[in-house]
Amino acid sequence: MTAFKSDFLNILQERGFIHQCSDVEGLDALAAKGEAIAYVGYDCTARSLHIGNYLTMMMLHWLQQSGNKPITLMGGGTTMVGDPSGKDETRAMRTVAEIEANKESIRGVFAKVLRYGEGKSDAIMLDNAEWLTRLNWIEMLRDVGRHFSVNRMLTMDSVRLRLEREQEMSFIEFNYMVCQAYDFVELAKRTGCRLQMGGSDQWGNIIMGVDLGRRMGTHQLFALTTPLLTTASGAKMGKTAQGAVWLNADQFSPYDFWQYWRNTEDADVGKFLKLFTTLPIAEIRKLEALGGSEINEAKKVLATEATALLHGRDAANEAAETARRTFEEGALAESLPTVEIPRGELDAGLGVLNAFVKAGLVASNGEARRQIKGGGLRVNDAPITDEKMALSTGNLTPEGVIKLSFGKKKHVLIKPA
C-alpha cells in the first residue's frame, strides 16, 4: 500500500475508493496543500439519485474532511443530451420541466454528507445548464470541437461498446463526452477546479476533459475514478426486487435502506463499511474479523451507520428497532413499509399474486408463484399454499393492515385507502 503525503489519498486508498488516477503524485501534492478543488457531475435523469451516486458523494465527503473543496455539479444541461455509457439504446429525452423537477428533488441529498457555505473547504453547487445552454453552435465547433479527434472518440467505451453490439448511437449522444469535457474546462476557469471524480465507466470522458484543458490552456487537470460496485458473488450492486436503491426517502424508505445493508453478503461487510460509513478503520477491522453468526452483528452496524449517514440517526435507530421487533419478537411494527390499496379492491378480492407485486416484494406473478411453491411467501405470518388465494378486508389485522412477508427479512403492510 502506497504511503501518500495527503490525508485525502491515504483515506481513499485505505477505504478502497481508488481505481484509476491520471497523475497520482501531482494530485497527492495538491491535496496535501489543501488545494484540490474537485467535482462530480450528477445528471437529473430521475427524481432521486441511487446507491452508485452515493459512492462518489462519499469521495467528495472525504475530500472535504481532508481540507479540500468539493463541487456538486447538477447536470441540467447534460441531461438534455443523455449519457450513452453502458446503454444499448438512446436514453429517453426529457423535457426541461421534467429535468427541473428532478433537479429540485435531487438537490437536498447532498447536504447529508457535505457541508455547504462560503469557507475555503465548504462545498458549492453549480448547474451546467448555466453555460451549456448559452453556447453558440458555430463558436463551440471552432473553439472547442476542433480539439476533439473523432478517431479517439470512437475508441471510448461508451461509443465502442455500443458500435460493437451493432446498436445505433445518435449524434446527440456522441456529443455527450464533448459536453462533459467542456464542463471540466469551464469549472477550471470559474472555480479553479483541478480534479474530476466519477465511476470507472466515466474514465474516458474524464480524460477527455483533462486533455481538453491542456489544449485550451487551463492549469493542469486530474482524473480519479472509483471501482465498479459489485458484490462478492459478482452481481452488480444496487438492485432489489423493488428496483433501484434510491437515496430519497420517499422512493426507498429508511427501513428498506437499512434492510438493504442488513442483507449484505458476509464477504462484503468490511468493504461496504469502508465505503459507505464513516466509522474508523480500526473499528471496521474488528467488525469484519467477526466469524460465524457474529457477522450478523457487523451487518447490523453497517445497516445502522449507513442509514444514519443518509437519513439521520433517529431514522436509522427506528429502522433497527423495527427490524428487531419484527424478526426477534414477531411483532407487527407500525413503521414497516406500507402500501395503500383502494378499499374497493379488497372488497372485491385482491389476488395474492397481484398483492405481492403491488407491494414490491416480487417483480412478477410468475416469481410470486415460484416463491409460493418454495414456501417463501406469507400473509399475516401464515405460509401461502394456494396461489389463487384472494385477500379481502377479512384478512385485516386488529391494526387494520395485512402483513405480507417474503422470507424472514422482507415485510410490507397493505393498508386500505
Side-chain angles (χ1 to χ4, degrees), residues 36-50 52-61 63-64 68-85 91-137 139-140 143-144 172-173 175-199 202 205-206 208-210 212-213 216 218 221 223-224 246-248 251:
I37 301 174
Y39 91 95
V40 178
Y42 299 92
D43 277 349
C44 313
T45 54
R47 288 181 52 242
S48 171
L49 297 179
H50 53 74
N53 302 125
Y54 199 32
L55 189 64
T56 57
M57 286 166 59
M58 290 305 295
M59 294 175 83
L60 291 173
H61 168 82
L63 178 90
Q64 185 171 57
N68 295 279
K69 190 177 187 70
I71 300 172
T72 45
L73 181 67
M74 304 299 287
T78 41
T79 309
M80 296 182 189
V81 176
D83 185 358
S85 299
R91 292 177 187 263
M93 298 293 285
R94 289 168 174 79
T95 65
V96 173
E98 288 173 330
I99 292 170
E100 287 299 315
N102 288 344
K103 191 191 306 177
E104 287 306 309
S105 182
I106 287 167
R107 280 182 190 276
V109 74
F110 296 106
K112 305 291 179 68
V113 296
L114 296 173
R115 180 187 69 256
Y116 287 83
E118 303 297 325
K120 182 176 181 290
S121 62
D122 286 345
I124 59 173
M125 183 179 291
L126 297 171
D127 184 349
N128 60 20
E130 186 177 339
W131 51 85
L132 291 180
T133 57
R134 296 176 184 175
L135 289 171
N136 177 288
W137 173 241
E139 287 179 5
M140 179 69 169
D143 298 341
V144 180
I172 189 172
E173 291 177 287
N175 278 273
Y176 186 90
M177 69 180 77
V178 177
C179 294
Q180 185 171 333
Y182 184 73
D183 281 345
F184 203 174
V185 172
E186 190 69 24
L187 286 172
K189 293 177 178 177
R190 287 175 179 239
T191 68
C193 182
R194 303 290 296 267
L195 169 65
Q196 183 182 172
M197 301 189 291
Q202 293 296 312
N205 289 352
I206 298 174
M208 282 281 193
V210 171
L212 182 62
M216 295 187 70
T218 69
L221 304 179
L224 178 65
W246 300 110
L247 302 187
N248 282 16
Q251 288 190 255

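What you see below is based on every heavy atom in this structure, not just the backbone, and it leaves out hydrogens, waters and symmetry mates.
Applying the side chain to side chain contact (heavy atoms under 4.5 Å, CB included) rule to R190 yields the partners E130, W131, E186; only residues at least two apart in sequence or on another chain are considered. Residues satisfying the ring-ring contact (aromatic ring centres under 6.0 Å, His included) criterion with F110, sequence neighbours excluded, are Y42. In this view, S121 and R115 satisfy the side-chain hydrogen bond (donor to acceptor under 3.5 Å, both in side chains) rule, not counting sequence neighbours. With sequence neighbours left out, the side chain to side chain contact (heavy atoms under 4.5 Å, CB included) criterion links C179 to T78, V81, L132. The side chain to side chain contact (heavy atoms under 4.5 Å, CB included) check on E118 picks up nothing, with sequence neighbours excluded.
With contacts defined as side-chain heavy-atom distances shorter than 4.5 Å, the pair I71/I37 qualifies. Residues V40 and M57 fail the side-chain proximity criterion, which asks for heavy atoms closer than 4.5 Å. Considering only heavy atoms from C-beta on, R107 comes within 4.5 Å of M74 through its side chain. Between M197 and I206, every side-chain heavy-atom pair lies at or beyond the 4.5 Å cut-off. Taking 4.5 Å as the limit, some side-chain heavy atom of N205 sits within range of a side-chain heavy atom of Y176. Considering only heavy atoms from C-beta on, V113 comes within 4.5 Å of M58 through its side chain. Within the 4.5 Å cutoff, the side chain of M80 has heavy atoms near those of the V96 side chain. Residues Y182 and L135 meet the side-chain proximity criterion, which asks for heavy atoms closer than 4.5 Å.
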side-chain contact (heavy atoms from CB on, under 4.5 Å) between V144 and M216, intermediate numbers included: CA-CA 8 Å; V144 180; M216 295 187 70; 4.1 Å; yes
Quick one: do K112 and L247 satisfy side-chain contact (heavy atoms from CB on, under 4.5 Å)? Show the steps, please. CA-CA 11 Å; K112 305 291 179 68; L247 302 187; over 6 Å; no
Going through the distances and angles, do V210 and F184 end up as a side-chain contact (heavy atoms from CB on, under 4.5 Å)? CA-CA 8 Å; V210 171; F184 203 174; 3.9 Å; yes
Quick one, Y39 with D183, criterion side-chain contact (heavy atoms from CB on, under 4.5 Å). Give me CA distance, side-chain angles, the key distance, then yes/no. CA-CA 10 Å; Y39 91 95; D183 281 345; 3.9 Å; yes
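The shortest heavy-atom contact between G117 and I124 is O-CG2, 4.3 Å. Across all their heavy atoms, P70 and L60 have their closest contact at CB-CD2, 3.8 Å.
To the nearest 0.5 Å, the span separating CZ on R134 from CG on N136 amounts to 14.0 Å. The CG atom of L63 sits 7.0 Å away from the CG atom of L195 when rounded to the nearest 0.5 Å.
Side-chain N or O atoms of D43 include none that pairs as donor or acceptor with a backbone N or O of D83 at under 3.5 Å. At least one donor-acceptor pair under 3.5 Å links the side chain of N53 to the backbone N or O of H50. Between the side chain of N248 and the backbone N or O of R47 there is at least one donor-acceptor pair closer than 3.5 Å. A donor-acceptor pair is defined here as one N or O able to donate and one able to accept, closer than 3.5 Å; such a pair exists between the side chain of T79 and the backbone of C44. Between the side chain of D127 and the main chain of G76, a donor-acceptor pair closer than 3.5 Å is present.
For the residue pair Q196/Q202, the side-chain donor-acceptor check at 3.5 Å is not satisfied.
Among residues at least two apart or in separate chains, there is no salt bridge (charged side-chain N to carboxylate O under 4.0 Å, His left out) pair with a member in residues 68-78.
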